[in-house]
Amino acid sequence: QRDSEKIPFQDGNDVMKFDFQPIIVNKEWSGQYSYLAVPVPTRRLSGIDLSTSVTSIPLTDALRADLGLLASIIKRSNFTVEVQAYTDNTGAEKDPAKRKDNNRTISQQRAESVVKHLVEIFGVHPENVKAVGYGEEFPIADNATEQGRMANRRVVVKAVR
């Protein structure tokens, strides 16, 4: 009996789980299963170099593999994803408000770059992907260290429907 199956990203983390349910006809198993695709809520994309001022995301082999798998699942399951990009809290601008605005713009451009790959290269319908740049909001590590700043510069995909 099959209860569920997971589809992994290149690094082994799950991107989608399929829950299988037996199809019962007249109180007997029909020999077939129905399945519900359940996206893993949030997943960080691999193969992305996010140096401090980079706004365009080149399509590396690792990113191509992640996006190819993601695109096939989006198209097969018709769910919507939000591509979220983040920065660290650094920047050339001395005024904190202007720096935050600049970082939000940079992160928005990064997210749009990934969405462009999904739409133009992998054929995902534009209504199924949304780009959101959060800038330096929602850090996941300490911006006081280079390692922390590198962790905060990230692009993640979140299933929203």
Euclidean distance, [Y] [atom2] relative to [X] [atom1], rounded to 0.5 Å:
X: Thr87; Y: Arg149; atom1: OG1; atom2: CZ; value: 12.0 Å
X: Asp66; Y: Asp61; atom1: CG; atom2: CG; value: 11.5 Å
X: Arg99; Y: Ile106; atom1: CZ; atom2: CD1; value: 11.0 Å
X: Asn152; Y: Ile140; atom1: CG; atom2: CD1; value: 5.5 Å

Query - Heavy atoms of other groups near Gln147 CD, more than 12 under 6.0 Å - result: no
Query raised in the report: Are more than 12 heavy atoms from other residues, nucleotides or ligands located less than 6.0 Å from atom NZ of Lys75?
Result: yes
Query raised in the report: For Asp142, which residues count as a side chain to side chain donor-acceptor pair (under 3.5 Å) partner, sequence neighbours excluded?
Result: none
With no hydrogens and no angle check, is any side-chain donor or acceptor of [X] less than 3.5 Å from a backbone partner on [Y]?
X: Lys130; Y: Thr80; value: no
X: His117; Y: Leu63; value: no
X: Arg110; Y: Gly133; value: no

Does the side chain of [Y] come within less than 4.5 Å of [X]'s, by heavy atoms?
X: Thr90; Y: Asn143; result: no
X: Leu67; Y: Ile121; result: no
X: Glu93; Y: Asn103; result: no

**Report entry** Residues that Glu120 engages under salt bridge (charged side-chain N to carboxylate O under 4.0 Å, His left out), provided they are two or more places apart
**Finding:** none
Query raised in the report: Quick one: do Asp101 and Arg104 make a salt bridge, cutoff under 4.0 Å?
Result: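 Yes, Asp101 and Arg104 are salt-bridged.
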Report task. Check the angle between the aromatic planes of Tyr86 and Tyr134 and answer parallel, tilted or perpendicular using the 30° and 60° thresholds. Result -> parallel
Report summary line: In short, Ser107 meets Gly135 closest at the heavy-atom pair OG-N, 2.7 Å
